[in-house]
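Right, one structure below, let's go through it.
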Amino acid sequence: MSKKESFGSKFGIIAAAAGSAIGLGNIYRFPCEAGANGGGAFFIVYLGIVLLMGLPLMVSEFVIGRRSGKNPVGAFHALVPGSKSWGIIGYMGVLCAFLILAFYCTVAGWTIDAVGKSIINYYHGLDKDTILTDFNNLMNESWQPILSEGIFVFITAFVIVKGVTKGIEKYSKILMPVLLGILIVLCVKSLTLPAAGKGIAFFLKPDFSKITGEVLISALGQAFFSLSLGMGALITYGSYISKKDNLTSTAFAVCISDTLIAVLAGIVIFPAAFTFGIKPEAGNELAFVTLPMLFNQMAGGYFFCLFFFLLLTIAALTSSISLLEVPVLYLTEQLNISRKKATVYSAIAVFILCVISSESLHDNTPLKLFGLNVFNALDAFTSKFLMTIGGLLTVVFIGWKMKKAHFMDEYTNGGKVNMGIRNIMYIIIKFLAPVAILIILITQFIK
Ligand code: TRP
């Protein structure tokens, strides 16, 4: 995607932004977070946050991007000259993209490993304990994860250097509906398992007494992570949206499809986890042990398993491309480095940090930050801190720094769309979203 062109169609921009949003965050991370934070309580909070904070923040990032036509570092300055310090949101985004990519590629490495195992029909006939032991061994291995992470980082960088992002997006427009189709088949299978009722009750039935500060911040972090918000990635997409497109309906379509995939993943995973005796708070095992077990029980399990992990790798790839694009765009536009060099430097830096992150998963690792292994520390620091602060500053910028008339003009396409809801949206962005994010952050810091 080169800077000057804009997306050919409205469907094009929705597909591209959904490509960034839909990834490991939906199928791997969402069930982990829901499982660790009480299931139904998390789910209900998550939905509320997507609607009241995620959607307005996405609209805000689109407005900033389309109005300025610039990368996240340059955009704020372009909109309010003299407001150079707001570019900090962009810098935070560049840092955040690096840190996310490091642990993202670790998980993508496991996905590639699962593709390899599916090809040779490795999982066939194995029981839960064997698959689990294998997965734990993989975490303790030194070279195998590095190899699959290396492959993933290389493919991501290759796509960006070759400028074939659009090509990938074209395929993913066809492939992501296939992933959706497989998920639906898996849902049907999962819902017929013996412990389906228990799993669904855990995932969807809210127990309001379980809503704690930790649940709130985890849901907020997960929503921003899953929707690719709070670090300027969608500002870049906004700069490619045509002036005629309706920003609310575009953002809404992205939020709905992203949330749908996450919910389906939960409906697949929790009934299966309860049936196979995997605890909902088990974390990484939820996706990487439960799913192979589920495929083992299905007719045509070999093909479902293979296609599922292949498509998950592609979904992860469209997300990692959008992440790597952030530092690459910064290096090329702000520092005038060639695209090729910028990509190679960024990819090497990401790969090094990724190796540290995956090696930190060994038992008794010395690689710790703030008492967490590097992998978990990177995850927590980005989603619970950098992205939430980034999102907060973004809505504050729109509400309190940018001229209201400029926002309204951009948001309504010069008075043509969104006229009925423009004031409500503005109030949400100016007051409700920042206050809510701030309260959640403060509750967290007090704790
Ligand atoms: N949203 C992606 C996922 O769910 C990950 C991702 C891609 C991301 N780009 C991002 C997260 C930008 C935060 C910011 O897998």
Side-chain angles (χ1 to χ4, degrees), residues 1 15-34 46 50 53-54 57-58 60-62 65 71-72 89-111 152 156 159-160 165 168-169 172 176 179 183 219-238 251 254-266 287 311-330 346 350 378-391 393-394:
M1 197 159 56
S20 163
I22 297 169
L24 299 169
N26 307 61
I27 288 166
Y28 152 82
R29 198 176 186 278
F30 176 79
C32 284
E33 292 292 307
Y46 182 81
V50 167
M53 292 171 235
L57 177 54
M58 194 178 285
S60 303
E61 292 202 11
F62 283 164
N71 72 66
I89 305 176
Y91 289 112
M92 277 168 52
V94 175
L95 172 69
C96 194
F98 260 122
L99 304 181
I100 294 180
L101 266 170
F103 73 87
Y104 204 80
C105 293
T106 306
V107 182
W110 303 336
T111 317
F152 188 78
T156 306
V159 170
I160 290 200
T165 309
I168 299 287
E169 276 160 4
S172 78
M176 288 309 109
L179 179 66
L183 274 176
L220 184 66
Q222 172 59 23
F224 285 8
F225 184 92
S226 190
L227 297 168
S228 302
L229 292 172
M231 48 158 289
L234 294 188
I235 292 184
T236 311
Y237 283 80
V254 177
C255 289
I256 290 283
S257 38
D258 186 74
T259 306
L260 177 70
I261 298 275
V263 172
L264 289 178
L311 291 170
L312 185 56
T313 309
I314 294 170
L317 185 64
T318 55
S319 302
S320 64
I321 292 169
S322 86
L323 281 163
L324 191 60
E325 188 70 39
V326 175
V328 168
L329 207 61
Y330 167 71
S346 312
V350 163
L378 288 171
D379 180 319
F381 180 62
T382 49
S383 71
K384 293 186 182 163
F385 186 74
L386 278 182
M387 277 188 260
T388 44
I389 305 263
L393 291 176
T394 306

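All of these numbers come straight from a predicted model, not from anything done at the bench. In each ligand, atom 1 is the first atom listed, and ligand 1 is the first ligand listed. Index from 1, following the sequence.
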Report the nearest protein non-hydrogen atom to [atom]: residue, atom name, distance rounded to 0.1 Å.
atom	value
atom 15 (O) of ligand 1	Y104 OH, 2.5 Å
atom 3 (C) of ligand 1	A21 O, 3.2 Å
atom 14 (C) of ligand 1	M231 SD, 2.9 Å
atom 1 (N) of ligand 1	F225 O, 2.8 Å

Distance check, rounded to the nearest 0.5 Å: [X] atom [atom1] versus [Y] atom [atom2]?
X	Y	atom1	atom2	result
L378	L101	CG	CG	11.0 Å
S226	F30	OG	CZ	8.0 Å
E61	T236	CD	OG1	8.5 Å

I'd like to know if the side chain of [X] and the backbone of [Y] have a donor-acceptor N/O pair within less than 3.5 Å.
X	Y	answer
S319	S20	yes
Y104	L24	yes
E33	Q222	no

If the cut-off is 4.0 Å to any non-hydrogen atom of [X], which atoms of ligand 1 fall inside it?
X	result
I100	13 (C)
S322	7 (C), 9 (N)
M387	13 (C)
S20	1 (N), 2 (C), 6 (C), 7 (C), 9 (N)

- Pair Y330 + Y91: ring centers closer than 6.0 Å: yes

- Task: Could you tell me whether some N/O pair between G25 and ligand 1 is separated by less than 3.5 angstrom?
- Result: yes

- Task: Run through I256, L57, L227 and flag the one making a side-chain contact (heavy atoms from CB on, under 4.5 Å) with V50.
- Result: L227

- Query: Side chain, backbone, both or neither: which part of S319 has a heavy atom under 4.0 Å from ligand 1?
  - Reply: both

- With heavy atoms and a 4.0 Å threshold, my read on which part of R29 contacts ligand 1 is neither

- Message: Tell me the nearest of S228, A17, S320 to atom 8 (C) of ligand 1, using heavy-atom distances.
- Response: S228

